[in-house]
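Down below is the structure, laid out as structure tokens.
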2 protein chains.
Amino acid sequence: MTEAVSRPTLEAVAARAGVSRATVSRVVNGGDGVREPLARRVRQAVAELGYVPNQAARSLVTKRHDAVAVVIAEPEARVFADPFFALQLRGISKELTAHDNQLVLLLIEGRDDHARVARYLSGGHVDGALVFSLHLDDPLPGLIQDAGVPTVFGGRPGWGDDGRAAKDPGVVYVDCDNRGGARAAVRHLVGLGRRRIAHLTGALDQTSAVDRLDGYRDVMAEVPGGNDPRLVVESDFTPAGGERAMRELLDRCPDVDAVFAANDLTALGALRVLRASGRRVPEDVAVIGFDDMLPVTEEADPPLTTVRQDIEQMGRLMARLLLRGLSHGRDRMDGRVRADGRDGTDVRDRPDGPGRSGTAVDGPGAGGVVLPTTLIRRASA
Amino acid sequence: MTEAVSRPTLEAVAARAGVSRATVSRVVNGGDGVREPLARRVRQAVAELGYVPNQAARSLVTKRHDAVAVVIAEPEARVFADPFFALQLRGISKELTAHDNQLVLLLIEGRDDHARVARYLSGGHVDGALVFSLHLDDPLPGLIQDAGVPTVFGGRPGWGDDGRAAKDPGVVYVDCDNRGGARAAVRHLVGLGRRRIAHLTGALDQTSAVDRLDGYRDVMAEVPGGNDPRLVVESDFTPAGGERAMRELLDRCPDVDAVFAANDLTALGALRVLRASGRRVPEDVAVIGFDDMLPVTEEADPPLTTVRQDIEQMGRLMARLLLRGLSHGRDRMDGRVRADGRDGTDVRDRPDGPGRSGTAVDGPGAGGVVLPTTLIRRASA
DNA sequence: CTGAAAGCGCTAACAT
DNA sequence: ATGTTAGCGCTTTCAG
């Protein structure tokens, strides 16, 4: 292992190129206003010495860090049960990398960690934050707002009275069209001729679960007998919860002919209970999930029809919005992030095929960007 | 959102407390050699002003960053198919947090990214790196060694001729006892009275797959007819690969009565093919997996007997070893990481129950720390 | 278009 | 035990 030998400084490069430090600095940072022959000499010296700018020194004067924090709270470690997390990170990482920003990962393990994270964020160590707000009652978003760090949330924030946060144009978030996706799923079941369509909800302290339930209700309101409350069973996004809910459902409504589960894991549990009860899927009961968690949906028996959301794209978009706000901030806006100016490239670049649902923007004035979902037909419905 | 108002500096705190900057600095950094009354005044001022040290300024002079990079290469995105990644990160994060270090996440998407990561690591932005080396031919480890950054690898590194790297005491890594775990699994099958025990390998360009195969062979060498090469089918750690391999196996050896799959996903594929072929598990064919990937093993049909490795613990240990090397380095060792001084607290704190396998240290002189595995009995074997 | 000089906020000798 | 001082490596006016 080589000794951590002191790296060359601007000074060294300047000496070697026979110019001043200022000139080297200019070249290194884009090189405006340096005549080509000189610039070339500088670049040469940089290459020869293997010069890499000292980020600490740079930050000290620019007050920028080219780093953003990604904050992930993982209460019951549910986040870790699925590949969600990884995909989001991947999208975020790609976008940050493309803009030469570093990703500082902040995992929250428990209540105590909130203070730590808040302190870090207020400490001015990063230029902004991407925050995944999982629960309606999570104190974290509030703390972060107080910290005064430009922030983009992942998933519609649910804090505040009646989801007030999501309507505050100062709060920027990215989400998938949970409600629209749910509608598409239920409509599909209706189109299949099903009438006793049930819903196994997700954990209702998360906005995604609430929105999917709302979407279900939107469509069922138009189905004769569709507002039978026994058709909705509360669950929690887990396979075990799905089993429990499905048993309960079978008890309440033995005549059920379709199930829209709040996510694929829940659908998996339902599938098992249905099989055990002697029902055939989809002949007797059609089943649809949500997320399109690949290993799960494709390997399910039968393969699961589901509503796909592009997790990685959500990550990318979050990062993009944050970075955009940051660059504004540098010029004159004090870093306030805004969700407008949605050029949408890369986001809505897929053809508008059948089964497509949702709009790309959830109403004017809101700080939320909502990505469309797609119904993926497999064997279960 | 509050304006990014300039935070208070040491100077401000000093003024308020009526002392010099140096004194404040001393108090903030542990407070040796400052008399209590004074120290109290300083702490008071710090609290009142909400002072947080400027990390950039501090790094500039100390040349330390209290940050480590976590480098994850994810070739075919396989990493993201399972919760592995998340668990490792969680373990790492916990340990780093406990020592006030930041986690900078570097995801490698393709060949081009290697250079970028190498440059970042050489750039002296972090104090050390935790690197997951997935493939035998990965150029990354070499680049990282050149970068001269204290590093701990996740998983036995396979580069160099014949795994030379793992024997270099200068190369530190943490792995689970793949070979021992495999032995335990196969021994269990033997104990069940099985004789035609097959192995579906993992991707053999990863040391974990190679080691598990070796473990299988260790035991089979003592089983009559156990060295039948047809009993080993190469696969790739995926469910689809598992299906393919299992079909091939059934073709070659219809009399197979047990299968040790290189991981749980592979076992899942095997299970499906076995069912389709009309075989009962475990009556006709016993099946064992590896990893104990919970959602998969518990939800499998039948629930999967498997070899558990404590992923999170591996992450913790990697971070701990790195941090330990770093603190040595600060005193006098130029940051060289060493795998000795294994106090092992938290690592070997579980009772030595039955089915336990492996040693905590893989031979003297090597830079590797190998964590034990546990056989988890469920219904499939 | 280029160079000289003034700090950014902090730590670590060195004084006292 | 506390204060004074000299930079860490860089960007950025400000002159020329």
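Letters go in sequence order (proteins before strands), and every chain restarts at 1.
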**Report entry** A:H114: partners by ring-ring contact (aromatic ring centres under 6.0 Å, His included), with sequence neighbours left out
**Finding:**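 Applying ring-ring contact (aromatic ring centres under 6.0 Å, His included) to A:H114 gives none.
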Under 3.5 Å: donor-acceptor pair, side chain of [X], backbone of [Y]:
X	Y	answer
B:D66	B:N101	no
B:S59	B:Q55	yes
A:R116	A:I108	no
B:T62	B:R58	yes
B:S93	B:L89	no
A:H65	A:G124	yes

Query - Carboxylate-amine/guanidinium contact B:R41 B:E36, below 4.0 Å - result: no
Report task. Taking only the side-chain nitrogens and oxygens of A:K63, find out if one of them lies under 4.0 Å from OP1 or OP2 of C:dG9. Result -> yes
Report summary line: Axis-to-axis angle across the helix from C:dC1-D:dG16 to C:dT16-D:dA1, five pairs each end, nearest 10 degrees, ~ 40°
Query - Nucleotide interval of DNA chain D bounded by contacts with chain B (heavy-atom cut-off, under 4.0 Å) - result: D:dA1 to D:dG9
Check nucleotides 14-16 of chain C against the protein and report each pair of N or O atoms closer than 3.5 Å, with its distance, or say if there are none.
none

Going from [atom1] on [X] to [atom2] on [Y], what distance comes out if it is rounded to the nearest 0.5 angstrom?
X	Y	atom1	atom2	result
A:L143	A:Q145	CG	CD	10.5 Å
B:R21	B:T9	CZ	OG1	8.0 Å
A:R111	A:L140	CZ	CG	9.5 Å

**Report entry** Single hit among A:D113, A:L121, A:L105, A:T151 for side chain to side chain contact (heavy atoms under 4.5 Å, CB included) with A:V71
**Finding:**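 Testing A:V71 for a side chain to side chain contact (heavy atoms under 4.5 Å, CB included) against A:D113, A:L121, A:L105, A:T151 leaves exactly one candidate, A:L121.
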Query raised in the report: Could you give the CG-to-P distance, from B:N29 to C:dG9, as a whole number of Å?
Result: 17 Å
Query raised in the report: Could you state the CD-C1' distance from B:E11 to C:dT11, rounded to the nearest angstrom?
Result: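 Distance check: B:E11 CD to C:dT11 C1' gives 14 Å.
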Mind checking whether [X] and [Y] have side chains closer than 4.5 Å, heavy atoms only?
X	Y	answer
A:V28	A:P53	yes
B:Y120	B:V126	yes
B:E312	B:K94	yes

Report summary line: Under a 4.0 Å heavy-atom cutoff, the residues of residues 18-25 of chain A touching DNA chain C are A:V19, A:S20, A:R21, A:A22, A:T23
Query raised in the report: What are the residues of residues 45-60 of chain B, sorted by number, that bring a heavy atom to within less than 4.0 Å of DNA chain D?
Result: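 Within this stretch, B:L60 sit under 4.0 Å of the strand.
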